[in-house]
Amino acid sequence: MPLIRDVLAGKHEGQPVQLHGWVYRHRTSGGIVFCTLRDSSGVIQCTVKKGVVPDADFEQAKEANNEASVIITGTPAKDPRAPGGWEVKSSAFQLVGKSPDFPIQENQSTELLLDKRHLWLRSRKLTNMMRVKAVMLRGFRAWFDENGFWETTPSVITTNACEGGSTLFTFDYFGQKAFLSQSAQMYLEALIFSLDKVWCLTPSFRAEKSRTTKHLTEFGHLEAEEAWVDYQGNMDIQEQLVAHVAQKVARECEAELVELGREPADLRKVTTPFPRITYDEALERLRKKGFDMKHGDDFGQPHERALMEGAEKPMFVTLWPEEIKAFYMALDGSGKYVRCADLLAPEGYGEIIGGSERSQDVESMKRRLMREPDTDLAAYEWYFDLRKYGSVPHSGFGLGTERVLAWLTKAEHIRDATPFPRSINRAYP
RNA sequence: GCCGCGAUAGCUCAGUCGGUGGAGCGUGGGACUGUUAAUCCCAAGGCCCGCGGUUCGAAUCCGCGUCGCGGCGCCA
């Protein structure tokens, strides 16, 4: 089946083609119908003239409103009057599926576009986003394949309330209380003992009542776990992975990126190594920029934005105070910091990866867990078993695929990085 | 959880001082053989988010509620 992209490239000049697609714009002017046709590859203007096509075809062309599905037979020709410079002179027109009153028109509110998300997915913008996302995911998988990682499939149903129970979706599992997973990390940790280096892409769920442009309640969580790797080696892996994907997207999605407002040259600058600074250094930089901060303060959006001002590639912030990080992160020699790293994206897109070397000290993990009220240590028995039987130094990280895509495509809102975004007020369509 | 803003035709919005609700787009009908989400003519289309209050009279003022959007926090 010929694609519009190829017709626009002149590959079918003068040769009759049959195009399958949807009406992008529909205009009539007396005995001529202008039908702009869209398929997955592009948009081209087709003209349908009375007397040139059979009368029945002309009637169908008049009836084919925006977003009707059609099959057009015609001959492509250069024509300066047509948008895009090419036009298909139709010899036959078949209306396959009518589209009366397509609800999305010239003026749309955010709310309508979210209510009609199943139809808005046809838009140029979301089409481009989905194409870039597919290439990005292909890039992640290719990098892991080429670097000795095994893809695995952990469960998203869990009885472990791993990081703060208030952010978990709870449901009834045959009479038992269970949760939708927030992270596959602990399951991946179990898998490294047989596979060394593993990764997975699973949905993660956060019941946080967040109202921001960088949070979803369900997101694509790309996680990896590596035996015999410390937190420095962990960062080496992350920067190679992210740089590989940025380069691939810049190379293979040039047209989509430009339409989305991202200069491919921006992504070509994303090369290894990425800058690495410690929490203490970050704190110092923030103070110089006028933030009033004390040791142990976490960073919010304004801080992340200030730290990344003018940055062309992502930056790691390492060695955070242990009291503001999770129980499973390995303590450094002093016991006051943890061997972790957050990877911040440029341009205020925020934290795209959180990773760390994992603690092997069961007693200190238990101590830190008990700081949280209502912790059920028994639920972690299986996790502590991993330290009991042949424990190894290991590290891992979690990457938010929609956050990375939002950054790569310069999106205004993370919800456009996924076809059916789930947010605090929305699970439909 | 906190702070803002909003809800009027299918859609996007205007609606003055509280006095019988409008426009553009879309839709239906008509004209047009080169349009660029075209142009011209005609027509249909309303529980002014809900409940209460003030008032002779409320889309308009007040209170409560519901829903939505934006920002902060939390995080990936």
Side-chain angles (χ1 to χ4, degrees), chain A residues 23-36 43-53 58 62-63 65-67 79-85 87 89 99-116 119 124 162-164 166-167 182-185 201-223 238 242 297-305 314 324-326 342-345 349-355 397-407 412-415 417-418 423-426 428:
Chain A
V23 176
Y24 185 65
R25 300 287 182 261
H26 179 257
R27 291 178 287 277
T28 66
S29 181
I32 181 165
V33 173
F34 296 94
C35 171
T36 325
V43 175
I44 193 167
Q45 174 166 293
C46 304
T47 50
V48 187
K49 289 184 179 175
K50 193 173 188 174
V52 175
V53 299
F58 187 73
K62 282 206 292 190
E63 206 185 333
N65 287 339
N66 288 356
E67 292 305 323
D79 195 318
R81 295 170 297 183
E87 181 174 285
K89 321 280 186 188
S99 177
D101 296 329
F102 192 73
I104 301 174
Q105 289 149 13
E106 187 172 3
N107 297 314
Q108 321 95 347
S109 60
T110 309
E111 188 179 346
L112 179 90
L113 294 180
L114 289 171
D115 284 340
K116 305 293 181 190
L119 302 174
R124 299 281 283 170
C162 72
E163 311 175 35
S166 63
T167 66
Q182 295 187 311
S183 166
Q185 175 196 322
L201 174 57
T202 53
S204 276
F205 302 88
R206 302 280 164 91
E208 290 281 357
K209 295 195 169 176
S210 298
R211 287 207 52 89
T212 76
T213 55
K214 32 175 93 64
H215 288 84
L216 294 165
T217 55
E218 178 190 12
F219 66 97
H221 208 178
L222 183 93
E223 295 174 275
Q238 292 166 43
V242 170
D297 284 348
D298 208 343
F299 301 161
Q301 309 236 30
H303 311 110
E304 289 179 356
R305 208 163 276 134
I324 54 173
K325 289 290 183 183
D342 286 354
L343 184 62
L344 303 181
Y349 283 95
E351 185 183 344
I352 51 174
I353 297 183
F397 62 91
L399 172 153
T401 59
E402 286 81 13
R403 285 218 186 144
V404 171
L405 183 64
W407 161 53
E412 283 175 20
H413 202 295
I414 195 169
R415 65 176 158 233
T418 197
S423 62
I424 169 171
N425 293 320
R426 204 170 270 283
Y428 172 96

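Letters A, B, ... are given to chains in the order of the sequence lines, protein chains preceding strands, and every chain is numbered from 1.
- A/F205 is linked by a ring pair (Phe, Tyr, Trp, His ring centres under 6.0 Å) to nothing, counting only residues two or more places apart in sequence or in another chain.
- Remark: C1' of B/rG73 and CD1 of A/I324 are 14 Å apart, rounded to the nearest angstrom.
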Apply the test salt bridge (Lys or Arg N to Asp or Glu O under 4.0 Å) to residues A/K325 and A/D342: give CA-CA distance (whole Å), side-chain angles for both, the deciding distance (0.1 Å), then the verdict. CA-CA 11 Å; A/K325 289 290 183 183; A/D342 286 354; 3.0 Å; yes
For each nucleotide in nucleotides 31-37 of chain B, reading 5' to 3', give B when a protein heavy atom comes within less than 4.0 Å of its base, S when such contact involves only the sugar-phosphate, and - otherwise. -BBBBBB
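- For A/R305, there are no side chain to side chain donor-acceptor pair (under 3.5 Å) partners two or more places apart in sequence or in a different chain.
- Comparing B/rG26 with B/rC62, their C1' atoms sit 37 Å apart, to the nearest whole Å.
- When the P atom is used for both B/rC49 and B/rC13, the distance is 14 Å, rounded to whole Å.
- Residues passing the ring pair (Phe, Tyr, Trp, His ring centres under 6.0 Å) test with A/H303 are A/F291, sequence neighbours excluded.
- Listed by chain and residue number, A/E87 satisfy the side chain to side chain donor-acceptor pair (under 3.5 Å) test with A/Q45 (two or more places apart in sequence, or in another chain).
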Output one letter per nucleotide in nucleotides 66-71 of chain B: B when a protein non-hydrogen atom lies under 4.0 Å from the base, S when only the sugar-phosphate is that close, - when neither is. --SBBB
Kindly give the atom pairs (protein nitrogen or oxygen, nucleotide nitrogen or oxygen) under 3.5 Å for nucleotides 41-44 of chain B.
none

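- Look at the P atom in both B/rA9 and B/rG50: the space between them is 11 Å, to the nearest Å.
- The backbone N or O of A/F102 sits nowhere less than 3.5 Å from a side-chain atom of A/S99 that would complete a donor-acceptor pair.
- No engagement by A/E218 is indicated, since no non-hydrogen atom pair under 4.0 Å with the nucleic acid exists.
- Residues meeting the side chain to side chain donor-acceptor pair (under 3.5 Å) test with A/N65, sequence neighbours left out: none.
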Given Watson-Crick or G-U pairs with both distances under 3.5 Å, what dot-bracket string fits RNA chain B, with | for other-strand pairs and [ ] for crossing? (((((((..((((.....[..)))).(((((.......))))).....(((((..]....))))))))))))....
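- Using modelled atom types, no side-chain atom of A/R27 and backbone atom of A/V33 make a donor-acceptor pair closer than 3.5 Å.
- A/D342 comes within contact range of no nucleotide atom at all, as no heavy-atom separation falls under 4.0 Å.
- Between A/E351 atom CD and B/rA76 atom P the separation is 5 Å, expressed in whole Å.
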Got a list of side-chain donor-acceptor pairs under 3.5 Å for residues 214-221 of chain A, not counting sequence neighbours?
| unit_1 | atom_1 | unit_2 | atom_2 | d |
| --- | --- | --- | --- | --- |
| A/K214 | NZ | A/Q301 | OE1 | 2.4 |
| A/K214 | NZ | A/G348 | O | 3.4 |
| A/H215 | ND1 | A/T212 | OG1 | 2.6 |
| A/T217 | OG1 | A/R422 | O | 3.0 |
| A/H221 | ND1 | A/S204 | OG | 2.7 |
| A/H221 | ND1 | A/E223 | OE1 | 3.4 |

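- Listed by chain and number, the residues in a salt bridge (Lys or Arg N to Asp or Glu O under 4.0 Å) with A/D297 are A/K294 (sequence neighbours excluded).
- Across the protein-nucleic acid pair, A/N65 atom CG and B/rG26 atom C1' stand 10 Å apart, rounded to whole Å.
- On a pure distance criterion of 3.5 Å, no polar donor-acceptor pair joins the side chain of A/S210 and the base of B/rC75.
- The residue A/P302 sits close only to the backbone: its heavy atoms come under 4.0 Å of sugar-phosphate atoms, none of a base.
- Here the side chain of A/R403 pairs a donor or acceptor atom with the backbone of A/E351 at under 3.5 angstrom.
- For the atom pair A/R426 CZ and A/I424 CD1, the distance stands at 12.5 Å (nearest 0.5 Å).
- Listed by chain and number, the residues in a salt bridge (Lys or Arg N to Asp or Glu O under 4.0 Å) with A/R124 are A/E259 (sequence neighbours excluded).
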